Amino acid sequence: MREFLKRHTLWVGFAAVLLPLLVLLGLQFVWLSKLQEVSAIAHKATLTNYLGGVGTEVEYYYRTLGERTLNVPASFLTEGRLEEVASSWSRTPTEGARKLFLVDFTEEPFGRFRVYNPDKKRLESPPASDESLAIIVAATPWQMVSYRKGSAASPVLSVDERNPDYRIILSPITDQQFKVVGAAGMILDEPYFRQVVLPAAIKKALPSVFRDAMMDDLVVTVRDGRGGLVLAPTNGAGKEETVTSRLPFVFRDWTMGLHSPRSTSEQWARASFTFNVTLSALLAIALMGGIALALRAANRAMHLSEMKSDFVSNVSHELRTPLSSIRVFAELLRLGRVQSPEKVQEYGEYIEAEGRRLSRLIDNILDFSRIESGRKTYDLVPIDLLEVVRATVKTFEVRLKPEGFRLDFEEPADRLPPVTLDPDAIGQALHNLLDNAVKYSQTSKEIRVRVFREGDSALVSVTDHGIGIPKGEQRKIFERFHRVGTGLIHDVKGSGLGLSIVHHIVQAHRGHVTVDSEPGRGSTFTISLPVTSRAAPAAAENSGPALETGVRGPR
Ligand code: ADP
């Protein structure tokens, strides 16, 4: 289990964050969907509330008007002082009422009807007309109460709208025993209601329910009893209302409607739902991306530290092997156990070759450290590449012979133009490639080195017929410390630095190194260098992955 966690840290870490995040997102989705439904209802309720507010404003206006105007003392009727009613009405503002009237039951049981003439400021007998008929019909209930000597518990305003052309508010006039002695009423002024009262009520109710920004969004319409539009702003006419409501006190057959021209309640709730879900999803994606990056970095750091500890053990082994050979051969020579001059020469060659191997390893380590710290410099000179390759191959052959290797060196047919390079560095890169060819060759002991030209590039390739490299590993082998960690490779010791140094050296020469390999068939590493000498100084810009270098110009 521990091993599994260690090996799949990235995925385990990612899953540990992703799962709760997905659960959270799921829960949020569910809650947001519920919220969407609730917000649609709440939005509708707010609109209805507003219409209720308009109704209340209208009712308040007419109740105040009614109570102020129709509150006639009974003594004016019982003591026959009707003219005082007229003079009181002449002093009271009565906007909203088209006509005021009075019914007196004190002298005639069916009532004496009087209408107020504002021009002459007096009460007059009404002519026979629809208006008079409406007044009579409206007053009939109070006339019945009066006729039966009934009483009204407290002054109440009643509304009669049976004839929509004559909407009447009526108030009974009661004596001290609450007996109904008359009734005062008003016929409502419909145009005044439509043009003054209604718009004022709408304007007053709006800010108490909605914030400023929402007001522009709302359109209020009012329809009369027959469905005809009596009030509608130009932009809202004909639109379907989101909510509708009846007026509560007068004009009860009229309907108020409210709708948002830009969005209905459902659209509004859906927009807010989509916005919230998108925002959450984006945040989750950003969060996951950040976590993936952090985990990747952590994973890389772990991997690198593992590779570094492998490197230490590999290098120790690499150092120990040649050192123990040198010790054994030197001891044999010191003790004089070897007498024949050929044997002495042979042992001397062994010691020399092992010593060289040690130097190369140490060179590699020192170079790597210089590259890492950006202190590596190159002494570039225009030189014949073939000469450099020849010299390197020659020193290497000393090592190959005793191991039974055959090195096939193929020179170019035509002379190569000079290449600007650091001979030591290119020699070291070639050495590393040859070293690998030997190390990973196994039974087939044939190595081929080829120098040739392709366009503007001079190329050196090293081919072996060894174990080969799987496709997926071919890019990674140029990274520092990376070693193909499967199969036979375990038996071959190495530092994992050789190819990363080759890569760096070649890049610093503005060239590139490629590999063509197939597991079980062998590998060909090719170094390609530009033949144009002018390209060389720019080499400093180019460096391998995480490697730094400095380049000195030609001496
Ligand atoms: P090492 O010291 O391990 O050889 P290198 O950087 O030189 O380090 O090589 C990196 C890895 O690339 C090696 O561990 C090996 O797995 C693989 N490799 C390099 N050259 C060859 C080759 N010629 N044939 C097969 N595998 C190779």
Side-chain angles (χ1 to χ4, degrees), residues 303-304 306-322 356-369 371-372 392-393 396 399-400 403 405-408 425-450 460-507 512-527 543-547:
H303 189 52
L304 202 64
E306 261 171 35
M307 287 199 298
K308 274 188 179 166
S309 59
D310 282 354
F311 165 76
V312 172
S313 81
N314 288 338
V315 164
S316 319
H317 184 274
E318 289 268 284
L319 286 171
R320 200 182 302 129
T321 318
R356 241 189 244 119
R357 200 168 136 197
L358 269 180
S359 312
R360 222 171 29 252
L361 179 65
I362 289 163
D363 278 353
N364 266 348
I365 294 170
L366 288 178
D367 264 351
F368 174 73
S369 128
I371 287 168
E372 283 283 271
T392 314
V393 167
F396 204 76
R399 173 182 165 190
L400 290 183
E403 294 187 33
F405 272 91
R406 202 167 71 83
L407 197 145
D408 180 14
I426 293 295
Q428 188 191 358
L430 189 57
H431 233 117
N432 286 353
L433 293 185
L434 288 167
D435 209 31
N436 282 349
V438 172
K439 280 200 302 191
Y440 303 110
S441 260
Q442 286 200 296
T443 46
S444 161
K445 304 214 163 194
E446 247 177 58
I447 295 172
R448 185 157 175 248
V449 177
R450 212 181 135 216
V460 191
S461 70
V462 177
T463 306
D464 64 62
H465 304 285
I467 58 172
I469 304 156
K471 272 268 170 299
E473 296 280 347
Q474 288 179 8
R475 271 172 65 95
K476 293 187 200 158
I477 53 173
F478 294 101
E479 287 169 14
R480 56 201 169 153
F481 307 127
H482 190 86
R483 308 197 71 225
V484 179
T486 50
L488 296 161
I489 198 76
H490 282 300
D491 307 334
V492 185
K493 284 290 169 188
S495 60
L497 292 182
L499 287 182
S500 82
I501 290 171
V502 173
H503 178 79
H504 184 272
I505 290 174
V506 174
Q507 280 227 317
H512 50 90
V513 55
T514 53
V515 61
D516 179 15
S517 180
E518 210 178 303
R521 295 211 146 187
S523 321
T524 298
F525 284 86
T526 308
I527 290 175
S543 56
L547 302 175

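Atoms within each ligand, like the ligands themselves, are counted from 1 in listed order. Just so it is clear, the structure is predicted and the values come from calculations on it, not from any experiment.
- For ligand 1, the polar-atom distance check against Leu499 finds a nitrogen or oxygen pair separated by under 3.5 Å.
- Using a 4.0 Å cut-off to heavy atoms of Gly498, the atoms of ligand 1 that qualify are 5 (P), 6 (O), 7 (O).
- Aromatic ring pairs are classed by plane angle as parallel below 30°, tilted from 30° to 60° and perpendicular above 60°; the pair Phe478 and Phe525 is perpendicular.
- Aromatic rings of Phe405 and Phe396 (six-membered ring for Trp) have centroids beyond the 6.0 Å cut-off, not under it.
- Less than 4.0 angstrom separates some heavy atom of Val484 from each of these atoms of ligand 1: 14 (O), 16 (O).
- The distance from ligand 1 to the heavy atoms of Leu497 drops below 4.0 Å at these ligand atoms: 6 (O), 8 (O).
- When non-hydrogen atoms are compared, ligand 1 lies under 4.0 Å from neither the backbone nor the side chain of Asp435.
- Screening Leu433, Val449, Ile426, Thr392 for a side chain to side chain contact (heavy atoms under 4.5 Å, CB included) involving Val460 leaves a single residue, Val449.
- Side-chain atoms of Glu473 and His482 form a donor-acceptor pair, as typed in the model, at a separation below 3.5 Å.
- Between Thr524 and Thr463, the side chains place a donor N or O and an acceptor N or O closer than 3.5 Å (distance only, hydrogens not considered).
- Judged by distance alone, the side chains of Arg360 and His431 do bring a donor and an acceptor atom under 3.5 Å apart.
- Contact annotation for Ile469 and ligand 1: only side-chain heavy atoms (C-beta onward) come within less than 4.0 Å of the ligand.
- Residues meeting the side chain to side chain donor-acceptor pair (under 3.5 Å) test with Arg357, sequence neighbours left out: none.
- Contact atoms of ligand 1 toward Arg483: 1 (P), 3 (O), 14 (O) (distance under 4.0 Å to a heavy atom of the residue).
- Side-chain polar atoms of Gln428 and Asp363 form no donor-acceptor pair below 3.5 angstrom.
- When non-hydrogen atoms are compared, ligand 1 lies under 4.0 Å from neither the backbone nor the side chain of Glu473.
- The contact set between ligand 1 and Lys439, taken as ligand atoms under 4.0 Å from a residue heavy atom, comprises 1 (P), 2 (O), 4 (O).
- Heavy atoms of Gly466 come nearer than 4.0 angstrom to ligand 1 in no pair at all.
- A salt bridge links Arg480 with Glu372: the closest approach of a Lys/Arg side-chain nitrogen to an acidic carboxylate oxygen falls below 4.0 angstrom.
- Under a 4.0 angstrom heavy-atom cut-off, Asp464 registers as being in contact with ligand 1.
- Distances below 4.0 Å separate heavy atoms of His482 from the following atoms of ligand 1: 10 (C), 11 (C).
- Between Phe525 and ligand 1 there is a heavy-atom distance shorter than 4.0 Å.
- Within ligand 1, the atoms closer than 4.0 Å to a non-hydrogen atom of Gly496 are 1 (P), 2 (O), 3 (O), 6 (O), 8 (O), numbered from 1 in the order shown.
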